[in-house]
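Please read the structure below before turning to the comments.
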Amino acid sequence: MFAFEKETEVKDWMRRNYLTIQHTSIVRDAIHLVMQVELNELPVIQDDKIIGVFNLKTYVQALQSAEQIDQTDSVTKWMSKTFAYVMENEKMMHIETVPSYVVDTDYTLIGVVDQAVRHDYHKAAVQEIKRLQELEHWYSLTFDLAYEGLVIVDNDGIIRVMNDAYCRYVGLNKEQAVGKRAADVIENTRLPVVLKTGVPERSQAHVLGGHNLVVHRLPIWRDKKVVGAVGMLLYEGVAEIYQAVQRMQKLEVTDKEGLHINWESEEERNSIVRFDDILGDSLIITRTKNIAIRASDTQATVLITGESGVGKEQFAKAIHDMGIMKAGNFVSINCAAIPDNLIESELFGYEEGAFTGAKRGGHKGKFEMAHNGTLFLDEIGEMSLNIQAKILRVLQEREVERIGGTEAIPIDTRIIAATNRNLKEMVQAGEFREDLYYRLNVIPIEIPPLRERLTDIPLIVSYKLKELAKKYGKEKTIEEQIIRKFYNHSWPGNVRELVNMLERLYVLTDEDHIRINDLTIHLFQEHEQTVTPSIHPQPVENLEELLEMEDRRSIIRALQETGGNKTRAAQLLNISRATLYNKLNRYKMS
Ligand SMILES: Nc1ncnc2c1ncn2[C@@H]1O[C@H](COP(=O)(O)OP(=O)(O)OP(=O)(O)O)[C@@H](O)[C@H]1O
């Protein structure tokens, strides 16, 4: 249908090779041409523009009444200045007269729509209608057979499609339902809300015609606008859900070769990260998740790269929690946050008396703690060359020696390293060991920034809103405009920035419906101010100084807000902890 629609402009159908006659020609030449090719009329051309038509029939009529006709007369004397013309981008379906002469914006003649062209167009249109009718038939069959209940509304909330099953729940037939407002036909419908907010509502309880249903309500986005919504019935009643859960349980037991299902405690369940908890269904994040899922099935070293806040730690945790090393601990160390002289003892541990201040009985290092589990080396790019060499040795020999110890302790652990820096470039610059880079880069996972997967935003927003509703004991909805604004933001702080922004919006707005104004008042403006220092009229020497001043100010504000907690301050500022530490050092702020 779309291909046909695109080609319905006159310029796509017109005949481009056609006969014309110059205005300087004489009538005899015109008659000769017209007779030769059995045409009724010829366009008369001057400077490539049509100035009239020479019509044989009109000429013959004139012959009969004229006293004397000279065949050497200029053709312009006998041409008619009345003729049909159309612009090249007009629609074929609007052409009523043939022939119609086609002109471009300069009124240069570029083609003609004659009887044959119009006939071809009509034939194609009829075939297209037949194809569409057939397609509609198949869609209709699919909607009826493949979905337990399905309703589609347009952006005015008018029902466009309702399948048989859904019709039964509302007690109407299709003819009665289609064309009506969803709100008038479906009791308690929230499709108008989804249309307004653009936020999908998945697996929601809905009572319809006395039935307890589980439904999805999904917005349909086109060109960054919500153009409609789909309501889908998934299950009817608790029994059906229960059966599905049972089937899943069975599947899991068979999958794990007879292992019993391990129902974790509430606390454990919350701390465990599943791949499903990594929100996003864009192609790019789905592909990234698939690589991570495969990686989790092996003990291979994984190197996760991506900007700050894209979810590197979340991925690392999911690989551990869902992978073959989950029986052991997930031990994480932020290589940037710990000074070089402490990192060694943190990583490798020490024996009693190894140095002044060493604990009695010694101390287990992170490698040992992660034995049979996963060691997550976050911000690996910030690690000194000295520590890099030591880590490389452990990876090669698969054993550690505590500081002050003599015994080599065997280590069986999976390493996941993460960084937001370009390690390859660091290798070239001599800042990162090449041999360590290749040891770590066995399975590379590159997490794309949020601005490259904007379509994930509605899903993330919808889940996070539910979480916030639970946390604050109050449900809030958001206006569609906000999602649209989110689509146009560049998200330098990635998912972390989005999550933080949502929570701030949630907390800062009094109403249950968060509006676009709340966003500009509370967030974007504030954010924009901090990144657009030129709006502050302070006297400063240069731009760099101004930026630094702003930077210091935001750091102080963040530290004040978080009571000095650097991890949370870094989160508030949408920067990594490493960056915060670097800035504190650079600005000599303690
Ligand atoms: N796809 C996602 N779905 C849900 N939450 C996410 C997702 N990605 C990131 N987050 C959330 O964003 C925050 C930042 O994630 P995380 O700490 O994993 O990022 P990171 O890349 O390790 O950042 P940094 O490099 O600054 O340490 C966390 O609260 C995390 O739960």
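We count residues from 1, following the sequence as given. Just so you know, ligand 1 is whichever comes first in the structure, and atom 1 is the first atom listed for that ligand.
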Which residue owns the protein heavy atom closest to [atom], what's the atom, and how far is it?
atom: atom 26 (O) of ligand 1; answer: Ser308 OG, 2.6 Å
atom: atom 22 (O) of ligand 1; answer: Glu313 N, 3.0 Å
atom: atom 15 (O) of ligand 1; answer: Gly311 CA, 3.7 Å
atom: atom 1 (N) of ligand 1; answer: Leu279 O, 3.0 Å
atom: atom 31 (O) of ligand 1; answer: Gln314 NE2, 3.7 Å

- CD1 on Ile293 to CE on Met322, rounded to 0.5 Å: 10.5 Å
- Task: Drop me the distance from Leu559's CG to Asn565's CG, to the nearest 0.5 angstrom.
- Result: 9.0 Å
- Query: Is the shortest side-chain N to carboxylate O distance from Arg577 to Glu379 below 4.0 Å?
  - Reply: no
- Query: Below 4.0 angstrom, N of the basic side chain to O of the carboxylate: do Glu475 and Lys466 qualify?
  - Reply: no
Under 4.0 Å from a heavy atom of [X]: which atoms of ligand 1 are those, numbered in the order shown and with their elements?
X: Asp277; answer: 3 (N), 4 (C)
X: Glu307; answer: 21 (O)
X: Ser576; answer: 26 (O)

- Query: Which of these passes ring-ring contact (aromatic ring centres under 6.0 Å, His included) with His320: Phe275, Phe330, Phe315?
  - Reply: Phe330
Within-cut-off N or O pair, [X] and ligand 1, under 3.5 Å:
X: Arg577; answer: no
X: Ile278; answer: no
X: Val495; answer: no
X: Asn420; answer: no
X: Val499; answer: no

- Message: Which residue in the set Ile333, Ile343, Leu377, Asn329 passes side-chain contact (heavy atoms from CB on, under 4.5 Å) when paired with Lys366?
- Response: Ile333
- Query: Counting distance only, does the side-chain N/O of Lys476 pair as donor-acceptor with the main-chain N or O of Tyr506 below 3.5 Å?
  - Reply: yes
- Identify which one of Arg398, His371, Gln299 satisfies the side-chain hydrogen bond (donor to acceptor under 3.5 Å, both in side chains) criterion when paired with Asp412. Gln299
- Task: Decide whether a cation-pi geometry holds between Lys317 and Phe376; the criteria are a distance under 6.0 Å from NZ or CZ to the six-membered ring centre and an angle within 45° of the ring axis.
- Result: no
- Query: Out of Glu379, Lys312, Arg421, whose heavy atom sits nearest atom 21 (O) of ligand 1?
  - Reply: Lys312
- Nearest heavy atom to atom 14 (C) of ligand 1, choosing from Arg496, Arg453, Glu467, belongs to Arg496
- Check the surroundings of atom CD in Glu434: do more than 12 heavy atoms from other residues, nucleotides or ligands lie under 6.0 Å from it? no
- Report yes or no: does Gly309 have a heavy atom closer than 4.0 Å to ligand 1? yes
- Query: Does Ile460 have a heavy atom less than 4.0 Å from any atom of ligand 1?
  - Reply: no
- Message: Tell me which pairs pass side-chain hydrogen bond (donor to acceptor under 3.5 Å, both in side chains) where either residue lies in residues 444-459, with sequence neighbours left out.
- Response: Ser282-Asp456, Glu307-Arg451
- Mind checking what makes side chain to side chain donor-acceptor pair (under 3.5 Å) contact with Tyr463, not counting sequence neighbours? none
- Flag: protein heavy atom within less than 4.0 Å of atom 3 (N) of ligand 1: yes
- Query: Does the protein place any heavy atom closer than 4.0 Å to atom 7 (C) of ligand 1?
  - Reply: yes
